[in-house]
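Read the structure below first, then the notes.
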Amino acid sequence: MQISVILQKGVELCPFLKWPLKKGAKSVSVAFFIQKYGGTSVGSTERIKNVARRVARFHAQGHQIVVVVSAMSGETNRLIALAHEVQDTPDPRELDVMISTGEQVSIALLCMALKELNVQAKSYTGSQVRILTDNSHTKARILSIDEDNIRADLDAGSVVVVAGFQGVGGDGSITTLGRGGSDTTGVALAAALNADECQIYTDVDGIYTTDPRVVPEARRLNTITFEEMLEMASLGSKVLQLRSVEFAGKYKVKLRVLSSFKDEGQGTLITFEEDGNMEQAVISGIAFNRDEAKITIIGVPDRPGIAYQILGPVADSNIDVDMIIQNVGHDGLTDFSFTVHRNDFNTTLNILKDKIQPHVDARDVVGGDRIAKVSVVGVGMRSHAGIASKMFRVLAEEGINIQMIATSEIKVSVVVDEKYMELAVRVLHKAFDLEQAR
Ligand code: ADP
Ligand code: ASP
Ligand code: MG
């Protein structure tokens, strides 16, 4: 959506915007933005006031803005810990009732801060907007979004502030979208409302070649392809929640990650086409994930259907399985290993020990949750051989043992002992020359 309004002379737009004000021009196209601010960016009342000042500036330039905010940093963790003090496995419905409150505090505080700046603003919880989700508490999926209230407020000149991370199920109960879910609220709103751009404001100034907190030499990328971002997010780069990237791909939302602490800079734009002018790096980034656990079922009969017999009951318990390895059989027996989210480790181990081991007559079930997955990602891999072998050589030179391997067209992932994860990321970052500008 693009609206044309008359602005005062001299109002300057941010440098990265594609809606520049020509010197002396009287009229300018203004834009409709979704701006999402994460937990650190709203981590104190001072920071909320900063966000309000930034939003007010955009508003004064004539843009229409819907702001999505996360809970203040640490708040969601605090609420989850409270629940665990009362119930070992908190009731999912009630957990959602509680953890959604963090975002509710943020929307109210931000609206107050905006009003202090004389900006008209109105807050909405997810259920007030009516962000309709399925009923999978703590990992709900958005089904639809009602736009009427938001549109009416925008048309009346308000900034609309929506609580991230939450929605409402068909039965009226509050749902949440999984950790980091405010990103998905932002992108889903951008898709539903047909915004010009969804801007994810966070505590780093864009997407880097890897987490700059682990590798200080990591380099900010001006652009990253949607496919690469999807891989990075699915392989553990928590800078964007995976579902938000999936939404952006499905609805072709223009998505940009940028700093809430710096005024200048264009951040990183997620592009849908590879930039033909740019010399394509073979590897764009390195992702890592500490959240996995590995389970091995030893000495299972090597016969058709065994994978289904093992993984069927795991899937029935709504547990996602990531990497899978079945070894070559010996004497009619084989070993079968797979990884799951660390939170699902104990449940999966119990399913295997109680339901599967006796059933398939396996020798043993063993597992460990001190593993990590390290992945190199890049669309350039399609046209370059030898990336996997280079990765294995670099790790071998550091004496890092590889426990599992998975590859796709644009990524190579390995599972290593958690204590070598950061070392692995650093040496790979160097070996693939990611510090050098493209
Ligand atoms: P927010 O609270 O704003 O949602 P997150 O903590 O979810 O912020 O995401 C931002 C963090 O993501 C950064 O502080 C950084 O440590 C981490 N991160 C991981 N991988 C990357 C990457 N490739 N580029 C930038 N940041 C990354
Ligand atoms: N507050 C939620 C979390 O900590 C959602 C988010 O920040 O995106 O996971
Ligand atoms: Mg986040």
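One-based numbering, in listed order, for ligands and for the atoms of each.
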Which residue and heavy atom of the protein sit nearest atom 11 (C) of ligand 1, plus the separation | Asp203 OD1, 3.9 Å
Indicate the ring-plane relationship of Phe58 and His63, choosing parallel, tilted or perpendicular according to the 30° and 60° boundaries.
-> tilted
Identified salt bridge (charged side-chain N to carboxylate O under 4.0 Å, His left out) partner of Asp291 from the options Lys373, Lys238, Arg342 = Lys238
Could you list which atoms of ligand 1 come closer than 4.0 Å to a heavy atom of Lys238?
-> 7 (O), 9 (O)
Rounded distance (nearest 0.5 Å) linking atom NZ of Lys254 with atom CZ of Phe33 = 8.0 Å
Might you list the protein residues in contact with ligand 2, defined as having a heavy atom under 4.0 Å from one of its atoms, sorted by chain and number?
-> Ser70, Ala71, Thr76, Glu103, Phe165, Arg179, Gly180, Gly181, Ser182
Report the part of Lys36 (side chain from C-beta onward, or backbone N, CA, C, O) that has a heavy atom under 4.0 Å from ligand 1; answer both or neither where that applies.
-> side chain
If you scan protein heavy atoms around atom 23 (N) of ligand 1, the nearest is Tyr208 O, 3.0 Å
Sub-4.5 Å side-chain heavy-atom contact between Tyr124 and Ile107 = no
Have a look at Val214, Thr76, Val204 and point out the one with the heavy atom closest to atom 26 (N) of ligand 1.
-> Val204
Considering Ile207, Val239, Thr210, Leu240, which one's heavy-atom position lies nearest to atom 12 (O) of ligand 1?
-> Val239
Within a distance of under 4.0 Å, is there any protein heavy atom near atom 6 (O) of ligand 1?
-> no
